[in-house]
Colleague: 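Dropping a structure here in structure tokens format, bear with me for questions.
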Amino acid sequence: MTAPWRWAAGLAAGVALYIGLPYLLVQRGGLGLITRGDAAGRQVALTFDDGPDPRSTPLVLDALRAAGVQATFFILPALGRQHPDLLRRLLDEGHEVLPHAHRHRHAWTLLPWTAFRDPGLAAREVGRLTATRPRCQRPPHGAYSLATVVGQRAAGVTGVHWTVEARDWAADATPGTVRAEVARQVRPGGIIVLHDAGPGARTTPAALPSILADLRARGLTVVPLRDLRGARPGTLRDVWHTLRGS
């Protein structure tokens, strides 16, 4: 094999190990991630990413309070520091606050050392803001590289994915399409991801009251992640069943 071909083969192997394998086993298969709970409990966990934002997070909180529901918010620590009143409201109203990321960047675009450090930095910053020790973290876009996986383990946090992606961030999303996507995808034991900031905040606050009413009509109890029965990190057996069914 000539030198250029050896270099190309080595590069391909490196990319497969660093991105391909985590994508298949972790991001798609859920290995080591919390992706769902026990279906028999008739619960769904409601989660929000990217906040807090003073323009949209209060609208989300108003809808949750009107429905008597608590949820999990994966926050950006910098925004939590900028808006301490919103952070205080999240905590005072009983919502679970967990780290999203120190830098809101897709894992594949970060240098390995940066990707490795990010989960720990985010967890420590959110821990200081909330006076807690976060046990879970969700990286931006739910994306993983090998460095992200190792960084979560080193930080002592478990990754969280979802079973319902309502695409509230899509350019063509409307409150109606977001509501329909949740209704189409949701099952007992599922984890719903929405956004209380960023592009998803254009549609989610308006859609949320109807989403919550739909879930209640289907006999599903909405809970924060901490209360989702049977939620646990995925095993290799879970990965096998997930990938077989996909």
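Keep in mind it's a predicted model, so treat the numbers as computed, not measured.
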Colleague: Kindly indicate, with the supporting measurements, whether the criterion side chain to side chain contact (heavy atoms under 4.5 Å, CB included) is fulfilled by S145 and L110.
Modeller: CA-CA 9 Å; S145 66; L110 295 173; over 6 Å; no
Colleague: If every non-hydrogen atom of P134 is compared with every non-hydrogen atom of V157, which pair is closest and at what distance?
Modeller: O-CG1, 3.6 Å
Colleague: Less than 6.0 Å separating the ring centroids of H141 and H104?
Modeller: yes
Colleague: Which pair of heavy atoms, one from L87 and one from V97, lies closest together, and at what distance?
Modeller: CD1-CG1, 4.1 Å
Colleague: Any carboxylate oxygen within less than 4.0 angstrom of a Lys/Arg side-chain nitrogen, looking at D62 and R65?
Modeller: yes
Colleague: Please collect all ring pair (Phe, Tyr, Trp, His ring centres under 6.0 Å) contacts where either partner lies in residues 207-239, sequence neighbours excluded, each pair once.
Modeller: none
Colleague: In chain order, what residues pass the side chain to side chain donor-acceptor pair (under 3.5 Å) check against Q185, with sequence neighbours excluded?
Modeller: E181
Colleague: Got a salt bridge between R36 and D238, using NZ or NE/NH1/NH2 to carboxylate O under 4.0 Å?
Modeller: no
Colleague: More than 12 foreign heavy atoms under 6.0 Å from CZ of R135: is that the case here?
Modeller: yes
Colleague: Can you tell me which residue pairs pass the ring pair (Phe, Tyr, Trp, His ring centres under 6.0 Å) test with a partner in residues 32-53, sequence neighbours excluded?
Modeller: F48-F73
Colleague: Report yes if some heavy atom in the side chain of P84 is under 4.5 Å from a heavy atom in the side chain of R88; otherwise report no.
Modeller: no
Colleague: When you group the ILVMFWY residues by side-chain heavy-atom contacts below 4.5 Å and let the links chain together, are L220 and V182 in the same group?
Modeller: yes
Colleague: Rounded to the nearest 0.5 Å, how far apart are CZ of R237 and CG of L31?
Modeller: 14.0 Å
Colleague: Is it true that atom CZ of R133 has more than 12 heavy atoms of other residues, nucleotides or ligands lying nearer than 6.0 Å?
Modeller: no
Colleague: Report the distance from atom CZ of R226 to atom CG of L228, rounding to the nearest 0.5 Å.
Modeller: 12.0 Å
Colleague: Do L98 and I191 share a hydrophobic cluster (ILVMFWY, side-chain heavy atoms under 4.5 Å, transitive)?
Modeller: yes
Colleague: Could you pull out the closest heavy-atom pair between T35 and G30, with the gap in Å?
Modeller: CG2-CA, 4.1 Å
Colleague: Scan for ring pair (Phe, Tyr, Trp, His ring centres under 6.0 Å) pairs involving residues 204-224, sequence neighbours excluded, and state none if there are none.
Modeller: none
Colleague: Who passes salt bridge (charged side-chain N to carboxylate O under 4.0 Å, His left out) against D214, sequence neighbours left out?
Modeller: R179
Colleague: Could you check R42 against T221 for side chain to side chain contact (heavy atoms under 4.5 Å, CB included), going step by step and ending with a plain yes or no?
Modeller: CA-CA 6 Å; R42 301 292 299 173; T221 301; 5.6 Å; no
Colleague: With sequence neighbours left out, what residues match T158 under side chain to side chain donor-acceptor pair (under 3.5 Å)?
Modeller: none
Colleague: Decide side chain to side chain donor-acceptor pair (under 3.5 Å) for R103 and T114; before the verdict, give the C-alpha distance in whole Å, the side-chain angles of both, and the deciding distance to 0.1 Å.
Modeller: CA-CA 9 Å; R103 298 178 64 189; T114 303; 4.7 Å; no
Colleague: Quick one: does H100's side chain have a donor or acceptor within less than 3.5 Å of a partner on R138's backbone?
Modeller: yes
Colleague: Using atom types as modelled and distance alone, determine if a side-chain donor or acceptor of R218 lies under 3.5 Å from a backbone N or O of A183.
Modeller: yes
Colleague: Testing the basics here: between A155 and G120, what is the closest heavy-atom pair and its distance to 0.1 Å?
Modeller: CB-CA, 3.5 Å
Colleague: May I have all residue pairs that pass ring pair (Phe, Tyr, Trp, His ring centres under 6.0 Å) and include part of residues 210-236, sequence neighbours excluded?
Modeller: none
Colleague: Quick test of your reading: applying side chain to side chain donor-acceptor pair (under 3.5 Å), list the pairs with at least one residue in residues 115-126, sequence neighbours left out, ordered by first then second residue.
Modeller: H102-E125
Colleague: Going by heavy atoms in the side chains, are D85 and H83 under 4.5 Å from each other?
Modeller: yes
Colleague: Side chain to side chain contact (heavy atoms under 4.5 Å, CB included) between L46 and L194: does it pass, once the steps are laid out?
Modeller: CA-CA 8 Å; L46 182 58; L194 295 167; 3.9 Å; yes
Colleague: If you measure from CG on L61 to CD on E93, what distance do you get to the nearest 0.5 Å?
Modeller: 5.5 Å
Colleague: Classify the side-chain pair R187/T163 by whether it contains a donor and acceptor separated by less than 3.5 Å.
Modeller: no
Colleague: Using side chain to side chain contact (heavy atoms under 4.5 Å, CB included), reason through R89 and D92 one step at a time and then give a plain yes or no.
Modeller: CA-CA 5 Å; R89 182 178 173 188; D92 287 348; 5.6 Å; no
Colleague: Looking at every heavy atom in both L86 and P58, which two are closest together, and how far apart are they?
Modeller: CD2-CG, 3.7 Å
Colleague: Among all residues two or more places apart in sequence or in another chain, which pass the salt bridge (charged side-chain N to carboxylate O under 4.0 Å, His left out) test with R167?
Modeller: none
Colleague: Give me the atom names and distance for the closest heavy-atom approach of V26 to L33.
Modeller: O-CD1, 3.4 Å
Colleague: Please go through L121's hydrophobic cluster and name the other residues, only I, L, V, M, F, W, Y counting, with side-chain heavy atoms under 4.5 Å joining them.
Modeller: none
Colleague: Please work out which of the three classes, parallel, tilted or perpendicular, describes the rings of F116 and W113, given edges at 30° and 60°.
Modeller: parallel
Colleague: Between atom CD of E96 and atom CG of L91, what is the distance when rounded to the nearest 0.5 Å?
Modeller: 10.5 Å
Colleague: With a cut-off of 3.5 Å and sequence neighbours excluded, list every side-chain donor-acceptor pair involving residues 204-213.
Modeller:
unit_1, atom_1, unit_2, atom_2, d
T204, OG1, D168, OD2, 2.6
T204, OG1, G200, O, 3.3

Colleague: Is it the case that one hydrophobic cluster holds both I34 and W240, taking links as side-chain heavy atoms less than 4.5 Å apart, direct or via other members?
Modeller: no
Colleague: Using modelled atom types only, decide if a donor and an acceptor are shared between the side chain of R184 and the backbone of A166 within a distance under 3.5 Å.
Modeller: no
Colleague: Enter the distance from T72:OG1 to L90:CG here, rounded to the nearest 0.5 Å.
Modeller: 10.5 Å
Colleague: For the hydrophobic clusters of this structure (ILVMFWY residues joined by side-chain heavy atoms under 4.5 Å, transitively), does one cluster hold both L24 and V239?
Modeller: yes
Colleague: In chain order, what residues pass the side chain to side chain donor-acceptor pair (under 3.5 Å) check against Q152, with sequence neighbours excluded?
Modeller: Q137, Y144
Colleague: When you group the ILVMFWY residues by side-chain heavy-atom contacts below 4.5 Å and let the links chain together, are W162 and V186 in the same group?
Modeller: no
Colleague: Can you tell me how far CD1 of I192 sits from CD of E165, rounded to the nearest 0.5 angstrom?
Modeller: 11.0 Å
Colleague: Judged by atom type as modelled, is there a donor-acceptor pair below 3.5 Å linking the side chain of H95 to the main-chain atoms of A71?
Modeller: yes
